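All heavy atoms count here, side chains included; hydrogens, waters and symmetry mates do not. All values derive from a computational prediction rather than experimental measurement.
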Amino acid sequence: MDEPPILFFDGVCNLCNHTVDFILRHEREPRLRFAPLQGEHARRLLPPLGIDPEALDSLVLYEAGRVYQRSAGAFALAAYLRAPWCWLRAFRILPRAWLDALYRYVAARRYRWFGQKESCRLPTPEERARFLD
């Protein structure tokens with residue numbers, strides 16, 4: 001059976017939580033599942049793939065046994081969004097080193113710029129089936 005993709009995100013990061021909210025509003029179809037990097041699914045699925053779930057500096061898209069991080073993860077994620085948001089994938093033509101440098105710059109400052117919560121995001125009752133932890 002086709003396993004749904006999972007977006008792992010920093011569950012206490014306000015920017016990350018707003019990103020999840022944005023995805024839920026703009027997704028083409030409700031296919032993605034969500035799990036905090038601080039949760040059990042991340043601890044179980046990511047280390048065998050070479051990803052440290054305690055390194056909270058990147059979203060991680062787990063799709064068909066592969067993982068995408070930083071700009072590659074953002075572009076892979078954009079494919080699940082409706083237009084015009086999916087068009088952001090056009091920026092993949094830029095050098096990946098530049099895109100990842102920009103990603104790391106924002107990631108290193110996201111708590112300062114956007115703040116953080118004391119605990120992970122709790123899904124609404126309508127969203128609960130899409131969240132794994």
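- Between Phe9 and Asn17 the shortest side-chain heavy-atom distance falls below 4.5 Å.
- Going from atom CG of Leu61 over to atom CG of Leu32 covers 6.5 Å, rounded to the nearest 0.5 Å.
- Considering every non-hydrogen atom in both Tyr103 and Leu59, the closest pair reads OH-N, 2.9 Å.
- Within the structure, the side-chain hydrogen bond (donor to acceptor under 3.5 Å, both in side chains) test picks out the following pairs touching residues 50-64 (sequence neighbours left out): Glu63-Tyr80.
- To the nearest 0.5 Å, atom OG of residue Ser71 and atom CZ of residue Arg92 are 11.0 Å apart.
- Scanning all heavy atoms of the two residues, the minimum distance from Arg104 to Arg70 falls at NH2-NE, 3.2 Å.
- With hydrogens and angles ignored, the 3.5 Å screen pairs no side-chain donor or acceptor of Arg128 with any backbone N or O of Thr124.
- Residue-environment remark: CZ (Arg25) exceeds the threshold of 12 foreign heavy atoms within 6.0 Å.
- Hydrophobic cluster membership is shared by Leu132 and Val12, with clusters built from Ile, Leu, Val, Met, Phe, Trp and Tyr side chains linked at under 4.5 angstrom.
- Under the 4.5 Å side-chain heavy-atom criterion for ILVMFWY residues, a single connected hydrophobic cluster contains both Ile23 and Phe75.
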What donor-acceptor contacts under 3.5 angstrom involve side-chain atoms of residues 37-51, with partners at least two apart or in another chain?
{"residue": "Gln38", "atom": "OE1", "partner": "Gly11", "partner atom": "N", "Å": "3.0"}
{"residue": "Gln38", "atom": "NE2", "partner": "Asp10", "partner atom": "OD1", "Å": "2.8"}
{"residue": "Glu40", "atom": "OE1", "partner": "Arg43", "partner atom": "NH2", "Å": "3.4"}
{"residue": "His41", "atom": "ND1", "partner": "Asp133", "partner atom": "OD1", "Å": "2.9"}
{"residue": "His41", "atom": "NE2", "partner": "Arg44", "partner atom": "NH2", "Å": "3.4"}
{"residue": "Arg43", "atom": "NH1", "partner": "Gln38", "partner atom": "O", "Å": "2.8"}

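- Criterion: ILVMFWY side-chain heavy atoms under 4.5 Å apart, direct or through other members. Under it, Val60 and Val106 are not part of a common hydrophobic cluster.
- Remark: of the listed residues Arg33, Arg82, Arg130, Arg130 is the sole one forming a salt bridge (charged side-chain N to carboxylate O under 4.0 Å, His left out) with Glu27.
- Under the 4.5 Å side-chain heavy-atom criterion for ILVMFWY residues, no single connected hydrophobic cluster contains both Leu102 and Leu94.
- Leu24 has its side chain within reach of Phe34: a pair of non-hydrogen atoms, C-beta onward, lies under 4.5 Å apart.
- Side-chain atoms of Arg112 never come within 3.5 Å of backbone atoms of Arg109 as a donor-acceptor pair (strictly under, hydrogens ignored).
- When all heavy atoms of Tyr111 and Cys13 are compared, the pair lying nearest together is CE2-CB, 3.8 Å.
- Residues Phe22 and Leu81 meet the side-chain proximity criterion, which asks for heavy atoms closer than 4.5 Å.
- Heavy-atom contacts from other residues, nucleotides or ligands closer than 6.0 Å to CZ of Phe91 number 12 or fewer.
- Hydrophobic cluster membership is shared by Leu99 and Leu77, with clusters built from Ile, Leu, Val, Met, Phe, Trp and Tyr side chains linked at under 4.5 angstrom.
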